[in-house]
> 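Provided herewith is a single structure, encoded as structure tokens, for subsequent inquiry.
As a basis for the values below, the full set of heavy atoms in this structure was taken, side chains included, without hydrogen atoms, waters or symmetry mates. Both counts, for ligands and for their atoms, begin at 1 and track the order of listing. Residue numbers count from 1 along this sequence.
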Amino acid sequence: MADRYLSFTATAPGRFLTARLGLPQPAALSRWTAERPSLDGRLLHLTAGGPSGLDLAPVLARTGLPTATEAAGTTTGSTGGSATGSTGPAAGSTGPAAGSTGPATGSTGPAGSTGPAAVVLDATGVRDVDALAEVHAALHPVVRSVAASGRVVVLGAPLDARDHHQAAVQQALEGFVRSLGKEIGRGRTVNLVRLTDASAAESTLRFLLSPRSAYVSGQVIGVAAEGPDGPVDWDLPLTGRTALVTGAARGIGEAVAETLARYGAHVVVLDVPQAAEDARRVAARLGGSALTLDITAADAGERIAAELPDGLDVLIHNAGITRDRRLVNMPAERWSSVLDVNLASVLRTTDALLAKGALRAGGRIVATASIAGLAGNAGQTNYGASKAGVAGLVRSLAPRALAEHGVTVNAVAPGFIETRMTAAVPLFIREAGRRMNSLAQGGLPVDVAETTAWLAHPASGAVNGQVVRVCGQSLLGA
Ligand code: NAI
């Protein structure tokens, strides 16, 4: 079901009318295409809180965006009057940094104007409230000039359990990022990455600083210190790898299969016997194979392992169902069917495949939660329970799966995504779902797929136990 409001607001009369009426004005998002694989413009690298211990410059240079690095010139403890980086021209830059030539006034034009396409603010050195003022000072002059569909990525440090001042201001960055995400507009996103090692976070920074992350905003992503083992093919990272996607005959699962195949994986398209024809069609199109199997079967894990005697590298738990009813009207069958598909089968197949050693070292498991699971939703006690359960599974299993099997475990939590599932939602609720997020529109299956592909990336080994929302920063449980 096309989003007609989004098309209308892309026209001049639509823009005029919706502005006059104070209605949401969604910007058309720039997504990845083969012709336009990266953001269109330069990257501004700022620092707050004094010099950082991160070796960021080479990692940012490899994003392919021309980078203007502003010197971390201010002292920690400044009162915020002097923005970090406003002390001089960009070192080694391809042009002056926006903030170094004075506030970016007048550069409020569309993409392609003088503003940067992306801003990375390294705030890992912020340890007290005075230093936090440098976050304001660094971003205040440049935020307005960031191009449409541009990116702001703030880098933070892990919270220090022995220093409550550091923990307070590092946690403050979350409120800052989430608030800025809600006000920045024009299809721009704002995210926070907590890290201690820049190269371990390279796949994450590349993802967030690209059009692939168009519908990911207001997120806090933790990245551990281990870097990727061995060289990485950034163009075809999944070459030679086998990925199994459950529920891949249509919808989000089909987009995930397509994206993983585009990254070079051999994809196994798993779906129920009733969807066998669609599963075979998708598999044939992607040069993969189809496996018809009800994932709730008690021996589903064993059958997958038997089908893939050489093992697999990427396991995507995408299959899911809804059977909505308020709890007072919900028969036990609606409860158990949803819990069985969305949670019990995820637990069972994961356990079986790990126990059999079917997931090769360097493997990736990505499960599908939902913002309804994280925030709760009327009529979805069964679905909400199942999807919150997925988040619990991920957080508990991730450290052990990495230690014992060399496999990471993460989840994506989609918000309102334009699929057959959401097309069936009554009009008024559908419109509310689409608009109640910072980007004022629904996401596309490819947005979930790209996020899944980042988590499945061989260079994402330091991303583990994360539940990343793909929801345009939905107001639901934000
Ligand atoms: P969909 O209904 O279009 O596709 C789900 C697929 O899973 C279908 O092909 C179906 O045949 C398959 N499936 C269902 N039960 C199965 C079983 N027992 N064994 C094997 N395959 C089975 O759903 P959609 O929208 O593509 O959702 C995919 C995932 O994303 C689900 O887990 C859903 O809960 C989740 N999600 C979707 C959102 C949305 O806005 N569409 C929002 C949040 C989460």
Side-chain angles (χ1 to χ4, degrees), residues 1 3 215 244-259 268-283 290-301 303-304 315-324 336-349 366-377 380 382-391 393-394 411-425 429-430 432-434 436-437 441-449 451-452 467-472 474 476-477:
M1 180 85 46
D3 184 347
Y215 203 59
L244 179 123
V245 185
T246 69
R250 69 177 205 207
I252 293 172
E254 180 178 1
V256 171
E258 217 170 83
T259 304
V268 182
V269 174
L270 183 151
D271 215 300
V272 286
Q274 302 90 296
E277 201 178 309
D278 283 341
R280 276 196 291 272
R281 179 184 48 78
V282 173
L291 176 57
T292 45
L293 172 66
D294 187 327
I295 202 69
T296 61
D299 62 348
R303 284 167 64 188
I304 293 169
L315 171 61
I316 311 293
H317 292 294
N318 163 80
I321 59 168
T322 51
R323 296 285 182 272
D324 298 355
S336 57
S337 56
V338 167
L339 267 293
D340 202 17
V341 177
N342 296 4
L343 182 58
S345 68
V346 175
L347 287 159
R348 256 193 317 265
T349 45
V366 184
T368 309
S370 161
I371 60 164
L374 308 183
N377 203 19
Q380 293 199 312
N382 51 357
Y383 186 76
S386 70
K387 295 300 191 177
V390 165
L393 146 73
V394 161
V412 288
F416 185 99
I417 306 295
E418 305 280 359
T419 63
R420 250 202 260 180
M421 195 193 242
T422 47
V425 172
I429 301 174
R430 188 167 68 232
R434 277 179 174 146
M436 281 170 50
N437 59 73
Q441 59 196 287
L444 300 181
V446 71
D447 297 324
V448 183
T451 309
T452 304
V467 178
V468 181
R469 294 162 51 130
V470 187
C471 65
S474 170
L476 203 61

> Between Val390, Leu270, Asp340, Asn318, flag the one that comes closest to atom 28 (C) of ligand 1 by a heavy atom.
Asn318

> Using a 3.5 Å cut-off on N or O atoms only, is Ile417 in polar contact with ligand 1?
yes

> What atoms in ligand 1 come closer than 4.0 Å to a heavy atom of Ala319?
7 (O), 13 (N), 21 (N), 22 (C), 32 (O)

> Who's the nearest protein heavy-atom neighbour of atom 9 (O) of ligand 1, and how far?
Asp271 OD2, 2.6 Å

> Which of these, Ile316, Val269, Leu270, sits in a side chain to side chain contact (heavy atoms under 4.5 Å, CB included) with Leu244?
Leu270

> Given Val272, Ile321, Val346, Val448, which one has a non-hydrogen atom that is nearest to atom 17 (C) of ligand 1?
Val272

> Quick check on contacts: which atoms of ligand 1 are under 4.0 angstrom from a heavy atom of Thr368?
29 (C), 30 (O), 32 (O), 35 (C)

> Before you tell me yes or no, could you show the steps for Val272 and Thr292 under side-chain contact (heavy atoms from CB on, under 4.5 Å), namely the whole-Å CA-CA distance, both residues' side-chain angles and the distance that decides it to 0.1 Å?
CA-CA 5 Å; Val272 286; Thr292 45; over 6 Å; no

> Identify which of Cys471, Ala424, Pro414 has a heavy atom lying nearest to atom 43 (C) of ligand 1.
Pro414

> Any chance you could lay out the side-chain contact (heavy atoms from CB on, under 4.5 Å) test for Thr322 and Val338, step after step, and finish with the verdict?
CA-CA 6 Å; Thr322 51; Val338 167; 5.8 Å; no

> If the contact criterion is a heavy-atom separation under 4.0 Å, does Lys387 count as touching ligand 1?
yes

> If I compare all heavy atoms of Gly251 with all of Pro445, which pair ends up nearest, and what's the gap?
O-CB, 4.1 Å

> For atom 19 (N) of ligand 1, what is the nearest protein heavy atom, given as residue, atom name and distance?
Ile295 N, 2.9 Å

> Write out the residue and atom name of the closest protein heavy atom to atom 26 (O) of ligand 1, then the distance separating them to 0.1 Å.
Ile252 N, 2.8 Å

> Between the side chains of Asp340 and Arg348, is the shortest nitrogen-to-carboxylate-oxygen separation below 4.0 Å, so that they form an ion pair?
yes

> Just jot down the ligand 1 atoms closer than 4.0 angstrom to any heavy atom of Ala369, in number order.
44 (C)

> Does even one non-hydrogen atom of Thr246 get within less than 4.0 Å of ligand 1?
no

> Taking only heavy atoms of Gly251, which atoms of ligand 1 are found under 4.0 Å from at least one of them?
26 (O)

> Check the pair Thr368 / Val390 against side-chain contact (heavy atoms from CB on, under 4.5 Å), numbers first and verdict last.
CA-CA 7 Å; Thr368 309; Val390 165; over 6 Å; no

> Kindly give the heavy-atom pair with the smallest separation between Ala255 and Val446, and that separation in Å.
CB-N, 4.0 Å

> For ligand 1, which atoms sit closer than 4.0 Å to a heavy atom of Tyr383?
33 (C), 34 (O), 35 (C), 36 (N), 43 (C), 44 (C)

> Which ligand 1 atoms, with their elements, are less than 4.0 angstrom from a heavy-atom of Leu293?
19 (N), 20 (C)

> Got a donor-acceptor contact below 3.5 angstrom from the Tyr215 side chain to the Gly443 backbone?
yes

> Tell me whether Asp278 contacts the main-chain N or O of Ala249 through its side chain, where contact means a donor paired with an acceptor under 3.5 Å.
no

> What residue and atom, counting heavy atoms only, is the protein's closest point to atom 3 (O) of ligand 1, and at what distance?
Arg250 NE, 2.9 Å

> For atom 7 (O) of ligand 1, find the nearest protein heavy atom and state the residue, atom name and distance (0.1 Å precision).
Gly247 CA, 3.3 Å

> Measure the distance from atom 25 (O) of ligand 1 to every protein heavy atom, then report the residue, atom name and distance (to 0.1 Å) of the closest one.
Thr419 OG1, 3.1 Å

> Which ligand 1 atoms, with their elements, are less than 4.0 angstrom from a heavy-atom of Asp294?
17 (C), 18 (N), 19 (N)

> What's the shortest distance from atom 38 (C) of ligand 1 to any protein heavy atom, and which residue and atom give it?
Gly415 O, 4.0 Å

